[in-house]
Visitor: 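Okay, handing you the structure first.
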Amino acid sequence: MTRLRLPLSSGSGRRRLPGLGRRKPVRRVGFLSLALVAAALLGAGVVVAAGPAHRPEPGPGDPTTLFLDGFGDACRLAFDAQGNLFANDQGVFYKVSPGGTRTLFTDQVPDPRGFAVDAFGNLLVASPRDSALYRVSPQAEVSVFARAYNARGVAMDLDGSVWVAAVDSLHHFDATGRLMEKLDIRTKGAAGFGIQVSPGGELHVSNFASLWRLSGGTPVPVLQGLPPRNRGFAFDEDGNIYWARDAEEGDTDRVILYDASGEVLHDPIIGEVTDPCLITFLRDEEGVTGKRVLVSLMDGSIVEADAQGIPVDGWPRTPLSLSDIAQEDCADEAAGVEGLLDPQVRSFLDVLGNNNGSYDVGDFRAYLLATGAIQ
Amino acid sequence: MRIPIPSVALLLAAALPWSSGCGDDPGPTGPQGGILEVSLTTPNADDAAMVLRLTGPGISQVRASEGGNYLHLVESGSEVIVVLVGDLPAGGIVRFSVPDVEAVDSYGAAILEVADESNALRASLSGYEVDMAQWVGSLPD
C-alpha cells in the first residue's frame with residue numbers, strides 16, 4: 001500500500017530528494033486506487049467501513065527538518081566528544097563535522113554493523129562476519145579490539161566498559177578489550193541486536209520487534225510484538241525509550257516514546273517520518289547531549305525533530321571521554337583528595353592503569369601516558 | 001707633641017664609620033632560609049610514580065630534583081603531598097625551600113605509594129627509605 005505523501009506544513013523545510021536510497025519493496029500498493037474503489041463502492045450504496053488512518057499524525061517533535069541526505073542506508077549513527085557525526089552507510093564510514101563537512105572516514109572494516117564511540121574517541125564496530133569488534137582510531141587506523149561471535153550491536157557503559165550484543169549472548173569488555181563477562185540470553189527468550197545502557201545503569205537489548213531489560217542477568221520484557229523492522233532504540237535522561245516504528249500495512253510509521261516500563265508516553269513523539277530505522281541524540285561540539293534528536297530513514301536521509309517538542313535531554317548527557325577528565329582532578333585524587341572523580345571515572349582509570357580495583361598513583365601515571373602529558 | 005692614648009682612641013673612634021651591626025659582631029643571627037632535598041633509597045630500578053608526604057613549617061617552592069619529572073602538590077597547613085611521576089632512581093627526588101635550613105630536624109618525609117613502569121602499585125614499601133639534607137644551589141622558578 002502506497003503511503004500518500006501529504007504536503008508538509010509550511011516552513012517544515014523537509015524535502016525528499018529524488019533517486020536516493022532504497023525504496024521499501026513489495027508493500028507499495030496504490031492507495032489512491034483503493035480510495036477510488038471505496039468511492040465507487042460508496043456511490044453504489046455499499047458501505048465501506050473506515051479503516052485505520054494512514055496519514056502520519058504529528059507529534060510534539062514535529063515538524064522534522066532535513067539534517068543530512070546523500071547516504072544510501074545510514075541508519076546507524078554515533079557522535080564523538082567533539083560533535084563529529086559518524087555514519088555507517090552500507091559498510092562505509094563517513095565523518096561529518098559539526099560544520100557539515102563530510103569526509104570518507106574508513107571503508108576498511110569488514111561487514112560493519114552497530115558501533116559506538118569509546119572513551120578514547122575510537123569507533124568500536126561490530127563485525128559478525130569476522131566475529132570481531134573492530135577499533136577504528138580517530139586517525140582511521142583499524143585494529144581488532146575484541147572477539148565476539150556474531151557481534152551485532154555495541155554500547156558504552158558509564159565506566160567506559162563496552163557491551164556487545166551478539167544475538168544469542170551479550171559480551172562485556174573493559175575499556176582495554178579484556179573480557180569481563182558473557183551472558184547467555186537466547187535460552188532465556190531474548191535476542192540481542194540493539195543494545196544500550198539506561199540512565200539507571202541497566203542494560204537493555206533489542207531485536208527487531210522486542211526490547212528487554214537485563215535484571216540480574218535475566219532478560220525482562222519491556223516491549224514486545226512490535227513491527228519487526230526496528231534497528232535500535234535510544235534513551236533520554238529520564239530513562240524513557242525512543243523507538244522507531246517502521247510500520248506494517250494498516251499502521252503508520254512514527255517514533256514512539258515509552259517510559260522505562262514500556263508504557264506509552266507519546267504516540268507519536270515524532271510522527272512525520274517515513275520508514276524510520278533508528279533514533280540518535282545529537283552531541284554538540286562540547287560532547288554534550290541535549291534535546292536534539294535525529295531520525296535515520298531507510299531512504300538514506302536523516303531528519304531532525306523539533307527540539308522544543310522533546311521532553312528532556314538525551315542520555316548519556318556527557319558520555320565518558322578521556323579528554324574530558326580533568327588532569328588536576330586526577331592528580332588531586334592520586335594525592336588522596338577524595339570526591340573529585342565520579343566512581344565510574346575512577347573505575348575507568350583503574351582499568352586503564354593497573355586494574356587492581358582502586359584508583360592509585362599507578363593509574364594516574366597511565367592516565368598521563370594516555371593523554372600524552374608524559375612520554 | 002704627645003697625645004694621650006685615651007684621646008687617640010677617641011679620635012680614632014670618631015674617624016671610623018659607626019653603624020649598628022658593625023664592629024666585632026661575627027655575623028647575622030636568627031634563621032637562615034635554604035633548600036632541603038629528599039633522597040630516596042629503593043630496592044627497585046623501575047620506580048615510575050610516587051606519592052610523598054612532606055611535613056614541617058614554611059615549606060615552599062617544592063621542585064622535582066630531576067627536571068623532567070611531573071610533579072603535583074596538594075598543600076594543607078604544614079603538610080604537602082607530592083605526586084611525582086617520571087624517572088625515580090635512588091638519590092635526590094624532591095627539593096624545597098624552608099625558612100630555617102638549620103632546623104632540618106623539624107621536617108619530615110614519608111613515602112605513601114610507589115608504582116612501577118607498568119603502572120603496577122608496589123604491594124610493599126619494604127626497603128624504601130627517604131632522607132633529608134640541606135642542598136646547596138638554587139631552585140628553578
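Chain letters run A, B, ... following the sequence lines, proteins first, then strands; residues in each count from 1.
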Visitor: Which residues, numbered in order, of residues 36-48 of chain B come under 4.5 angstrom of chain A by heavy-atom distance?
Guide: B:A48

Visitor: Can you see which heavy atom on A:N354 is nearest to which on B:A120, and at what distance?
Guide: CB-CA, 4.0 Å

Visitor: Is A:V361 in contact with chain B via its backbone, its side chain, both, or neither, using a 4.5 Å heavy-atom distance?
Guide: both

Visitor: Name all residues meeting the side chain to side chain donor-acceptor pair (under 3.5 Å) criterion together with B:R63; count only those two or more places apart in sequence or in a different chain, and write none if there are none.
Guide: none

Visitor: Could you tell me whether the side chain of B:H72 reaches within less than 4.5 Å of the side chain of A:Q327, counting heavy atoms only?
Guide: no

Visitor: So, taking the atom named CG in B:L121 and the one named CG in A:D350, what distance separates them when rounded to the nearest 0.5 Å?
Guide: 10.0 Å

Visitor: Just to be sure I understand the criterion: a residue of residues 95-117 of chain B counts if one of its heavy atoms is under 4.5 Å from a heavy atom of chain A. Which ones qualify?
Guide: B:E113, B:V114, B:A115, B:D116, B:E117

Visitor: Going by residue number, which parts of residues 366-375 of chain A are within reach of chain B, meaning a heavy-atom gap below 4.5 Å?
Guide: A:A366, A:L368, A:L369, A:I374

Visitor: Could you state the interatomic distance from CG (B:N119) to CG (A:N356), rounded to the nearest 0.5 Å?
Guide: 10.5 Å

Visitor: Mind listing the closest non-hydrogen atom pair of A:A335 and B:I81 along with its distance?
Guide: O-CG2, 3.4 Å

